[in-house]
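Written out below as structure tokens is the structure these notes cover.
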Amino acid sequence: MAAGRIGDIAASLEDPAFFGWCAARYRAAGFGTLDPAEERSWRNSWPPLFEALERAGLKDLQVYLEYGTPGGGRRLDALLVGAGPDGALVLVIVELKQWQTCHILDTDRVMRSDGLVTAHPVHQVAAYRSFFQHWRPQSAPKLEVRGVVVLHNATAADGAALSAGTGADAGVPVLTGDELARHGEMLARLLCCGDVAAPGAGQVEEFESIRWQPSSRLLDHVGADLEGSSAFALVGDQQDAFVRVRQAAARHLPGRGQATAPAGGGGAIITVSGGPGSGKTALAVRLLGRLMRAHPATRPRFITPSGTLRAHLLDAVRDHGAARELFPSASSLRGTARQTGALVIDEAQRIKRGSAAGLPPDLAAVIEHVPLAVIFLDERQIIRPDEGTTVDEIRTAAQALGRPHHHLELTGSFRCNGSAAYTAWVDNLLYGTPQPWTGHTGYDLGLAEGPFQLQDWIDEAHDRGHTARTTAGFCWPWTHTRPTGATTLPLDIEIDAPSTTPGGPPRTWKAAWNASQALTDPDDGRLIAPHSQLWASHTGGHQQIGCIYTAQGLEYHHSGVIIGPDLTWKNGRWHAHPKKSHDPALRHLTPQQYLPYALNTYRVLLTRGTHTTRIHTTDPDTHHLLQTLIHAS
């Protein structure tokens with residue numbers, strides 16, 4: 001909310017209007033109306049922090065208050081920026097707590113004096129530190145990230161208790177009022193700034209120009225997640241949700257070496273919702289690993305109705321042997337529900353309803369029989385009429401059985417370069433009032449003038465060593481069989497494009513859908529096209545076109561999206577054309593019935609890219625709309 005040199009901000013704290021100005025900045029940044037408790041926290045915590053920073057001789061360091069983390073899921077209380085002994089940038093994360101006392105529940109959870117269970121602040125800071133390190137783009141300047149927890153109302157004994165047993169995160173000190181009362185170099189060292197000098201103006205500008213980008217992919221860390229050693233950090237509301245689920249597990253499930261659950265543990269249903277890239281699958285995999293280690297007798301399992309996501313998870317643990325058993329198919333959901341004490345379900349909105357109204361029978365069995373079920377879903381990723389479970393339906397079913405239900409929401413954006421602004425732009429485009437793309441958030445969005453240009457862009461990105469994929473609406477026929485011994489896929493997708501020369505003949509761009517079965521060269525066994533479920537990550541996938549069923553739940557570096565003739569913009573609103581669809585599950589619908597599924601489908605396709613997205617649309621009016629909103633690339 002505020003940034004500047006520490007000495008300047010400290011002087012501003014004496015101005016009664018300063019906090020009102022910060023509250024206005026808070027609203028302007030899109031965080032909503034400031035909660036009165038949050039403003040009280042600012043007024044109570046900032047003055048003692050800045051008094052200590054000045055007494056430590058750090059008035060010339062740069063400071064950012066309420067610094068938004070990459071992904072937008074949380075704000076850092078304070079971030080100090082300076083220059084290290086070698087001249088490189090040093091970041092110091094400061095987590096401010098007003099606690100006087102707290103009860104340590106275990107290594108990464110604490111209970112505050114008001115009874116609220118929250119993440120251990122040392123682990124909070126360690127996660128932020130890890131996150132900055134993993135989101136640092138290759139082009140960014142060298143930097144070192146440190147962290148400190150400040151409890152200005154607590155005693156040294158309270159701080160020592162909080163620091164004990166933090167293991168690998170012991171490098172994050174906990175400072176209390178006693179330590180903050182010190183002066184000079186000793187206090188600077190306690191604040192992790194003993195060797196940090198004031199940054200030059202150029203270094204501040206250099207830091208502020210960094211566009212934090214995800215350098216880790218979830219699927220690269222699945223095995224480590226299951227073993228409890230992943231470098232893929234949970235941050236902000238992901239971490240809060242992790243703590244909440246662990247708390248429920250401790251209450252309702254038998255722990256390691258225990259035969260029964262704690263007294264009174266009757267089980268619980270937890271729903272976790274979040275938009276594309278909010279970290280649902282990352283959290284779900286981490287929870288599975290935690291449940292395996294802390295509650296092995298419950299035989300925890302992970303189920304997703306997305307065959308594509310399951311295929312990628314199985315591929316990620318192919319070297320982990322028995323780990324494959326942790327991911328049973330969705331067809332076994334009802335049987336698994338009767339055999340496990342803890343179940344994690346991802347992409348639950350895709351569970352088939354069957355012919356019965358209300359909650360899908362398979363999910364009803366989960367709610368009735370599984371002691372602890374954690375159900376992840378996004379209601380705006382419902383893409384077929386035979387799917388569509390909602391949080392309200394799950395809540396109602398749980399209440400009917402007398403089972404407690406808790407709902408958690410993830411608000412961050414850890415895909416699309418962590419650009420919450422881009423995901424908001426997509427939502428405004430499809431569900432609200434389309435807005436111009438300003439491009440100031442670090443995400444690279446552009447408009448492709450034609451399919452040939454889009455394919456050239458994908459090929460160039462692939463040649464540079466990045467994962468690059470094109471997806472399209474299901475608007476062309478799909479030949480699922482091919483002759484024995486065929487070495488090519490049928491070019492089912494055809495899009496007309498203008499001539500490259502004035503007056504010349506029009507051109508037709510042709511491409512193949514992703515292969516329903518892997519295609520290999522019969523002579524040398526070389527993979528030509530991977531199986532459709534592995535199209536997004538395996539060699540050769542960039543040469544085929546994916547669809548909603550092979551892209552949902554996945555991500556890749558560069559994303560090309562073709563908006564087909566089934567969704568067009570005219571007269572200020574979207575129009576659906578189910579007869580232009582070749583999806584047998586949808587083409588029989590009326591335009592009004594088809595529209596929400598089309599919008600949800602393109603929302604998914606437009607939010608797969610971690611770094612860049614290029615859009616092409618086959619409809620002239622829709623192309624004109626996009627031309628007015630984004631620059632051609």
Side-chain angles (χ1 to χ4, degrees), residues 275-276 379-385 388 421-439 445-455 470-478 492-499 506-509 511 545-548 551-552 559-609 613-633:
E379 294 178 12
R380 278 187 169 173
Q381 289 196 47
I382 296 170
I383 57 173
R384 293 166 59 111
Y422 174 67
T423 54
W425 181 86
V426 170
D427 283 350
N428 283 326
L429 174 70
L430 298 174
Y431 307 107
T433 302
Q435 301 293 322
W437 174 246
T438 61
L445 171 66
L447 181 63
E449 290 295 333
F452 288 101
Q453 182 191 44
L454 183 64
Q455 186 61 52
T470 302
T471 55
F474 199 164
C475 299
W476 294 270
W478 196 326
D492 290 322
I493 302 172
E494 296 187 1
I495 300 176
D496 292 333
S499 172
R507 298 179 297 163
T508 300
W509 179 78
I545 308 303
C547 71
I548 181 63
Q552 191 169 31
S559 171
V561 179
I562 298 174
I563 300 177
D566 62 332
L567 183 68
T568 62
W569 177 272
K570 194 174 185 65
N571 298 326
R573 66 185 183 90
W574 289 107
H575 298 262
H577 309 282
K579 299 306 181 185
K580 298 292 186 179
S581 171
H582 284 263
D583 189 335
L586 298 171
R587 58 181 293 124
H588 67 281
L589 300 177
T590 67
Q592 291 75 21
Q593 292 170 329
Y594 184 72
L595 180 60
Y597 301 117
L599 294 172
N600 287 354
T601 291
Y602 286 111
R603 176 178 183 255
V604 172
L605 300 185
L606 287 166
T607 53
R608 300 302 94 192
T613 294
R614 293 290 181 269
I615 306 172
H616 172 65
T617 177
T618 60
D619 175 67
D621 289 333
T622 310
H623 183 77
H624 177 71
L625 166 71
L626 295 175
Q627 278 184 317
T628 67
L629 300 177
I630 55 181
H631 297 296
S633 299

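Hydrogens, waters and symmetry mates are skipped; everything else that's a heavy atom, side chains included, is used. For this chain, numbers begin at 1 and follow the sequence in order.
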Under the rule for side-chain hydrogen bond (donor to acceptor under 3.5 Å, both in side chains), what residues qualify as partners of Asn428, not counting sequence neighbours? none
Got a donor-acceptor contact below 3.5 angstrom from the Thr628 side chain to the Leu625 backbone? yes
Could you check if a side-chain atom of Trp509 sits within less than 4.5 angstrom of a side-chain atom of Leu454, using non-hydrogen atoms only? no
From Leu629 CG over to Gln435 CD, what is the distance, rounded to the nearest 0.5 angstrom? 8.5 Å
Do any pairs count as a salt bridge (charged side-chain N to carboxylate O under 4.0 Å, His left out) and have a residue in residues 575-603, sequence neighbours left out, and if so which ones? Asp378-Arg603, Asp427-Arg603
CG (Asp621) and CG (Leu626) are apart, to the nearest 0.5 Å, by 11.0 Å
Could you pull out the closest heavy-atom pair between Pro565 and Thr568, with the gap in Å? O-CG2, 3.9 Å
Polar side-chain atom of Arg507 near backbone of Pro498 as donor-acceptor pair, under 3.5 Å: yes
What distance separates Leu429 CG from Tyr422 OH, expressed to the nearest 0.5 Å? 8.5 Å
d(Thr508 OG1, Ile493 CD1) to nearest 0.5 Å is 13.5 Å
Ala511 to Ile545 - nearest heavy-atom pair and separation: CB-CG1, 3.7 Å
Would a distance-only check, ignoring hydrogens and angles, find a side-chain to backbone donor-acceptor pair under 3.5 Å from Gln552 to Gln381? yes
Tightest non-hydrogen contact, residues Asp492 and Pro477, listed as CB-O, 3.0 Å
Between Tyr597 and Leu589, is the side chain to side chain contact (heavy atoms under 4.5 Å, CB included) condition met? List the steps. CA-CA 10 Å; Tyr597 301 117; Leu589 300 177; 3.8 Å; yes
Is the shortest side-chain heavy-atom distance between Arg608 and Pro276 below 4.5 Å? yes
Residues Trp476, Ile495; criterion side chain to side chain contact (heavy atoms under 4.5 Å, CB included); working and verdict: CA-CA 10 Å; Trp476 294 270; Ile495 300 176; 3.6 Å; yes
Test of understanding: with side chain to side chain contact (heavy atoms under 4.5 Å, CB included), list the residues that count as partners of Cys547, not counting sequence neighbours. Trp478, Trp513, Tyr549, Thr550
Given Asp566 and Tyr602, is the side-chain hydrogen bond (donor to acceptor under 3.5 Å, both in side chains) satisfied, shown in steps? CA-CA 11 Å; Asp566 62 332; Tyr602 286 111; 2.7 Å; yes
Partners meeting side chain to side chain contact (heavy atoms under 4.5 Å, CB included) with His588 (sequence neighbours left out): none
With Gln593, which residues qualify under side-chain hydrogen bond (donor to acceptor under 3.5 Å, both in side chains), at least two apart? Thr590
Closest non-hydrogen contact found for Leu605 with Gly473 is CD1-N, 4.2 Å
Determine the minimum heavy-atom distance between His623 and Leu447, stating which atoms define it. CE1-CD2, 3.7 Å
What pairs meet the ring-ring contact (aromatic ring centres under 6.0 Å, His included) rule with one or both residues in residues 560-584, with sequence neighbours excluded? Trp569-Trp574
Using every non-hydrogen atom in the two residues, find where Ser581 and Tyr594 come nearest and quote the distance to one decimal. CB-OH, 3.4 Å
Trace of the side chain to side chain contact (heavy atoms under 4.5 Å, CB included) decision for Ile548 with Phe474: CA-CA 8 Å; Ile548 181 63; Phe474 199 164; 5.8 Å; no
So, taking the atom named NZ in Lys570 and the one named NE2 in His624, what distance separates them when rounded to the nearest 0.5 Å? 11.0 Å
Stepwise, does the side chain to side chain contact (heavy atoms under 4.5 Å, CB included) test hold for Leu567 with Leu595? CA-CA 8 Å; Leu567 183 68; Leu595 180 60; 3.8 Å; yes
Heavy atoms, side chains only, cut-off 4.5 Å: are Thr613 and Ser559 in contact? yes
